[in-house]
Amino acid sequence: MNAFSPAHFRAQFPALADAGVYLDSAATALKPQAVIDATHQFYSLSAGNVHRSQYAEAQRLTARYEAARDQVAQLLNAESGKNIVWTRGTTEAINMVAQCYARPRLQPGDEIIVSEAEHHANLVPWLMVAEQTGARVVKLPLGADWVADIARLPDVITPRSRILALGQMSNVTGGCPDLARAIEIAHANDMVVMVDGAQGVVHFPADVQQLDIDFYAFSGHKLYGPTGIGALYGKAELLEQMTPWLGGGKMITEVSFDGFQTQAVPYRLEAGTPNVAGVIGLSAALEWLADIDLQQAESWSRGLATLAEEALKKRPGFRSFRVQDSSLLAFDFAGVHHSDMVTLLAGYGIALRAGQHCAQPLLAALGVPGTLRVSFAPYNTQSDVEALVAAVDRALALLVDE
Ligand code: PMP
């Protein structure tokens with residue numbers, strides 16, 4: 001592993017050669033040349049599908065595709081590649097758990113506990129399955145620190161609680177709940193835990209075995225990989241219990257007009273031609289990441305967020321919603337609408353996000369209609385922070401009456 005060098009890291013992202021300041025990595029990370037090359041090579045040179053044909057290239061692709069499953073297993077310290085199901089991303093993975101695991105099991109009156117900090121991807125699938133089964137979604141509220149209050153979990157759990165849905169890291173505040181404690185409490189109450197790793201995975205990959213996580217979902221595109229590919233980790237005995245939601249090629253062993261027999265997991269949950277290019281791109285991203293000191297990279301990103309927060313704090317009306325020294329900085333200015341500010345900042349070449357960040361209940365709990373959010377990645381620099389602050393000053397000069 002190489003020591004983290006900000007300049008070397010940044011040089012690998014061709015998108016950064018263009019003018020502009022990219023502060024939206026929590027929405028999606030830029031792609032390093034290694035991922036672009038692997039994807040380009042796949043489409044330029046590869047012929048054939050996976051798991052279908054005997055000719056050499058199809059066999060080679062199948063081996064590469066399956067090896068990527070093992071890479072994901074290694075990233076998460078999963079038991080094996082067989083615990084990894086390919087999905088389009090976090091959203092699909094959580095919906096898959098809701099529909100294939102929870103739906104056949106939930107009874108009217110059962111409870112799904114969802115933290116108030118969740119992204120809609122870890123709330124709406126549970127609301128949907130609750131509507132389908134007569135179960136109830138119950139809120140685990142935020143604590144005073146704006147992080148899901150795990151100390152209150154025992155008060156929220158009842159004998160009807162079945163599932164706990166919890167994010168590893170908030171996409172708004174950057175807050176990380178005490179997953180280990182939450183999982184311990186949930187398991188002591190015979191609950192199954194779904195961890196949304198979409199935001200956390202790039203900062204601190206979770207050790208699913210050490211944490212005893214039941215289901216874990218993440219998206220490749222937030223981990224420098226392609227869009228349209230992600231993964232669901234599940235404990236073997238839980239994946240075994242899942243009823244496939246998509247039927248078609250490669251998820252079966254035998255089919256007749258009388259019925260069908262399904263494959264073993266994970267293949268049973270992956271009907272149809274998969275996103276081979278996505279898997280190969282994600283594999284390249286993981287290979288590339290293996291050479292980077294992620295802890296040093298993370299402290300670089302956090303340092304930039306601190307720098308930005310310190311500078312913006314000096315502007316009147318600034319409020320920060322950042323917790324735990326995260327590399328995400330959500331903020332607003334009293335009396336300034338986030339939409340006005342983000343429009344001006346976009347005009348000044350700053351890419352950031354504003355609004356409710358697909359987390360309306362969290363924003364309601366924070367008591368704001370929306371925020372601005374800058375999210376720093378290791379390819380950002382101090383000059384990005386300076387450009388942000390200068391752009392904010394220009395916008396404030398227009399938006400705030402003296
Ligand atoms: N959860 C969190 C915390 C997220 O930040 C996101 C992406 N914004 C998602 C879930 C959904 O990820 P995707 O859109 O890649 O499925």
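Each ligand, and each atom within it, is numbered from 1 in the order the structure gives.
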>> Tell me whether Arg10 at atom CZ has more than 12 heavy atoms from other residues, nucleotides or ligands lying less than 6.0 Å away.
In response: yes

>> Within the supplied structure, the quantity of interest is the number of heavy atoms (other residues, nucleotides, ligands) at a distance under 6.0 Å from Phe260 CZ; does it exceed 12?
In response: no

> Does His357 approach ligand 1 within less than 4.0 angstrom via side chain, backbone, both or neither, non-hydrogen atoms only?
Replying inline: neither

>> Under 4.0 Å, heavy-atom basis, I'd like to know which part of His221 is in contact with ligand 1: side chain, backbone, both or neither.
In response: side chain

>> Judged on heavy-atom distance to atom 10 (C) of ligand 1, which of Asn171, Thr28, Ile94, Asp196 sits nearest?
In response: Asp196

Short list, please: which atoms of ligand 1 are under 4.0 Å from a heavy atom of [X]?
X: Ala198; answer: 1 (N), 2 (C), 4 (C), 6 (C), 9 (C), 10 (C)
X: Gln199; answer: 3 (C), 4 (C), 5 (O)
X: Thr90; answer: 10 (C), 12 (O), 16 (O)
X: Ser219; answer: 12 (O), 13 (P), 15 (O), 16 (O)

>> Heavy-atom contact check, 4.0 Å cutoff: does Glu92 meet ligand 1?
In response: no

>> Using only atom types and a distance under 3.5 Å, with no angle test, would you say the side chain of Ser326 pairs donor to acceptor with the backbone of Leu328?
In response: yes

>> I'd like to know if the side chain of Arg152 reaches the main chain of Val156, judged simply by a donor and an acceptor atom lying under 3.5 Å from each other, with no hydrogens or angles considered.
In response: no

>> When you compare the side chains of Gln99 and Asn95, does any donor N or O come within less than 3.5 Å of an acceptor on the partner?
In response: no

> What is the nearest protein non-hydrogen atom to atom 7 (C) of ligand 1, stated with its residue, atom name and distance?
Replying inline: Lys222 NZ, 2.5 Å

> So which heavy atom in the protein is nearest atom 4 (C) of ligand 1, and how far is it from that ligand atom?
Replying inline: His119 CD2, 3.3 Å

> Relative to each other, are the rings of His51 and Tyr65 parallel, tilted or perpendicular (30° and 60° limits)?
Replying inline: perpendicular

> Do the ring centers of Tyr22 and Phe13 come within less than 6.0 Å of each other?
Replying inline: no

>> Can you see whether Phe333 has Arg315 sitting over its ring - NZ or CZ less than 6.0 Å from the centre and within 45° of the normal?
In response: no

>> If you measure every N or O of Thr91 against every N or O of ligand 1, does any of those distances drop under 3.5 Å?
In response: yes

